[in-house]
Amino acid sequence: MSPTTHPGLPVDNPITSYWLKDPHPLASYRSSPTVPQHCDIAIIGTGLAGVATAYHILSTSHAEKPSVVLLEARQVCSGATGRNGGHTKLAAAIAKPLYDDYGDVATQVINHQLEQLSALKEVVDKESIDCDLKVTRSFDVFFEEDHAREIREFIDEKKSEGVLWAKEVEWIEGSDVDKISGVMNGKGALIVPAISLWPYKLVTALLSRVLELGGQLYTETRVTRVEEGSNQTTITTSRGTLTAEKTIFATNAYTAALLPQYEGVIPPFKGQNSHLAPLPSFKPPIPLDNTYNLRFNAQYADYLIPRPDGTIILGGAKWTYDTDRDSWWNTVDDRTLITDAATAHFDSVMAKHFRGWENASAYHDMVWSGIMGYTPDTLPHVGRVPGSKSQWILAGFNGAGMLTIFTVTQAIAKMVDGVEYEDTGLPVLFKSTPERLAQGSDKSE
């Protein structure tokens, strides 16, 4: 198949998400009116990927700290990190396809998710970050009998093999799902380790630290072109031209706009999310202390994250628009919602699926969209850009960046300092390779 059409750069005036409703003082900050002429390391993108990479680079001991410049087309963290569900978890419920495709090497990917949980907790504690971080558990509730049985058998198999991550997974029989989770009519459920947090507050706190450590920030500074020379990259922006010894693309869904070799390899796609506000007087019969995935079948699921104030983040509803491919596929337009049908579904979820919520009036007060980066093999592209001497990438997170990004950024910081990918401890499947680039355009449509 032919490559996808050019995905474009971020659009102006996106819908405001719940996380972004109170802009941080750094939201539109620029270290100077124009970008510097030169830097050691340029990072394009200020979501969790770009900011955490800068943090790891600058908080590592160097004889002389490198000059680091962060470039952002819109406001700080205005992309997928500022529009997601606000949680990360051990994704045991979706591990089976990885094992089916890749065999035992998939174990590296799932174990990596456990590392993510501890790394996030560690940095929040170390930097005393106030981002509502809560170490918790997450329910994956299955509504189809066959799907539940298939997952239980898979988890039992991995437990019997002594696989590390499987030891962290508990199974709930269908008869106990309602009593333990509060979700009605579940045919079975998993309980896995999880963290919930306010992602924008995490990123902006890390960004404040980056600036304290000498980093420079340029928001509303659109990168329009990158040209790699023999050992550096020239970056053309709306605020001048910058030459960087090393360049990191933390550009997720927008990568192909700057690196054409990723066209068809990381096409953008759109999702929809909401914030539900139950009646203030409502008291749930079972407190929502955990996060949830409601797995209606093997293809479709919602994600649900309770907030400390009793409100809820709820996203998903893809089956309400999946067949209208033009409304969500290969688009970077987060100025609009995908469909009112998704919003109507969000408004029905709590009363329909949670015991005792029939009169909670748990309806949306905010709904927004976000742009994610898809990859045909569902794995991110990480490492040196194939064939490049001075460019690295971490992008294509398939809507699951919070499961992956923070520990990937630790590795990217090592790579730009000379460490080879194979020596970072990252899963081998994440590496961006010529073979994966060649396969991408054949599978993405």
Side-chain angles (χ1 to χ4, degrees), residues 9-36 39 41-59 65-86 120 123-134 196-223 237-240 242 248 250-252 254 273 275 307-309 311 313 334-335 365-366 368 370-371 401-402 405-406 409:
L9 296 166
V11 301
D12 293 329
N13 303 312
I15 301 175
T16 300
S17 78
Y18 171 78
W19 308 120
L20 300 173
K21 60 188 177 66
D22 298 312
H24 189 272
L26 293 176
S28 297
Y29 179 83
R30 287 179 290 279
S31 296
S32 57
T34 59
V35 298
C39 70
I41 301 172
I43 300 173
I44 305 173
T46 61
L48 182 59
V51 172
T53 298
Y55 169 79
H56 292 309
I57 290 170
L58 289 171
S59 59
K65 284 195 184 298
S67 55
V68 176
V69 171
L70 289 116
L71 302 166
E72 172 58 57
R74 303 191 300 201
Q75 295 77 40
V76 164
C77 196
S78 57
T81 304
R83 299 171 181 278
N84 64 25
L120 283 169
V123 77
V124 167
D125 289 345
K126 177 183 176 182
E127 298 292 349
S128 300
I129 296 172
D130 180 9
C131 62
D132 295 349
L133 185 138
K134 179 181 180 182
S196 63
L197 74 165
W198 192 306
Y200 182 61
K201 289 184 177 180
L202 171 64
V203 170
T204 51
L206 289 176
L207 184 57
S208 297
R209 184 72 179 125
V210 164
L211 296 184
E212 290 172 3
L213 291 167
Q216 298 178 70
L217 170 65
Y218 294 87
T219 67
E220 297 165 352
T221 302
R222 192 173 294 268
V223 175
T237 83
S238 56
R239 298 183 189 276
L242 167 68
I248 298 168
T251 41
N252 202 27
Y254 307 101
N273 200 354
H275 177 256
R307 300 288 307 132
D309 62 0
T311 63
I313 301 293
D334 51 8
R335 297 169 298 186
D365 60 4
M366 294 185 75
W368 61 94
I371 306 300
M402 294 299 290
I405 288 174
F406 196 76
T409 62

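Small disclaimer: the values here were computed from a predicted structure and weren't measured.
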Backbone N/O of Leu20 and side chain of Ser17: donor-acceptor pair under 3.5 Å: yes
Residues that His24 engages under ring pair (Phe, Tyr, Trp, His ring centres under 6.0 Å), provided they are two or more places apart: none
Atom pair CG (Leu26) and SG (Cys77), whose distance is rounded to the nearest 0.5 Å: 11.5 Å
Residues Ile313, Arg307; criterion side-chain contact (heavy atoms from CB on, under 4.5 Å); working and verdict: CA-CA 7 Å; Ile313 301 293; Arg307 300 288 307 132; 4.0 Å; yes
Asn13, CG: over 12 other non-hydrogen atoms inside 6.0 angstrom: no
Modelled atom types, side-chain donor and acceptor of Ser32 and Tyr218, under 3.5 Å: yes
Derivation of the side-chain contact (heavy atoms from CB on, under 4.5 Å) call for Lys201 and Val124: CA-CA 11 Å; Lys201 289 184 177 180; Val124 167; over 6 Å; no
Full working for side-chain contact (heavy atoms from CB on, under 4.5 Å) between Leu217 and Leu207: CA-CA 9 Å; Leu217 170 65; Leu207 184 57; 3.7 Å; yes
Main-chain N/O of Cys39 paired to Ser67 side chain as donor or acceptor, under 3.5 Å: no
Residue pairs involving residues 70-83 (criterion salt bridge (Lys or Arg N to Asp or Glu O under 4.0 Å); sequence neighbours excluded): Arg74-Asp334, Arg83-Asp334
Residue pair Leu70 / Ala54: nearest heavy atoms and the distance that separates them: CD1-CB, 3.9 Å
Note, Leu206 side chain near Val123 side chain (heavy atom, < 4.5 Å): yes
Heavy-atom pair of closest approach, residues Thr46 and Val76: OG1-CA, 3.4 Å
Geometric class of the Trp368/Tyr18 ring pair [parallel <30°, tilted 30-60°, perpendicular >60°]: parallel
Residue pair Tyr200 / Asp22, side-chain heavy-atom distance below 4.5 Å: no
Closest contact, heavy atoms only, Leu197 versus Leu202: CD1-CD2, 3.5 Å
Side-chain donor or acceptor of Thr219 paired with backbone N/O of Arg30 under 3.5 Å: no
Donor-acceptor pair, side chain of Ser28 and main chain of Gln75, under 3.5 angstrom: no
Heavy-atom pair of closest approach, residues Asn273 and Asn84: ND2-O, 3.1 Å
Minimum-distance pair of heavy atoms, taken over all atoms of Arg239 and Pro33: CD-O, 3.9 Å
Candidate pair Thr81 and Val51, rule side-chain contact (heavy atoms from CB on, under 4.5 Å), full reasoning: CA-CA 11 Å; Thr81 304; Val51 172; over 6 Å; no
Donor-acceptor contact below 3.5 Å, side chain Lys65 vs main chain Leu58: yes
Donor-acceptor contact present, side-chain Thr237 to main-chain Thr221, <3.5 Å: no
Distance (rounded to the nearest 0.5 Å) between Arg222 CZ and Ile44 CD1: 12.5 Å
Side-chain heavy-atom pair Val223, Thr251 within 4.5 angstrom cut-off: no
Nearest-0.5 Å distance that lies between atom NZ in Lys126 and atom CZ in Arg209: 8.0 Å
Any residue meeting ring pair (Phe, Tyr, Trp, His ring centres under 6.0 Å) with Trp19, in chain and number order, not counting sequence neighbours: Trp198
Min side-chain heavy-atom separation Ile57-Ile248 under 4.5 Å: yes
Considering all heavy atoms, the nearest Ala52-Thr409 contact: CB-OG1, 3.5 Å
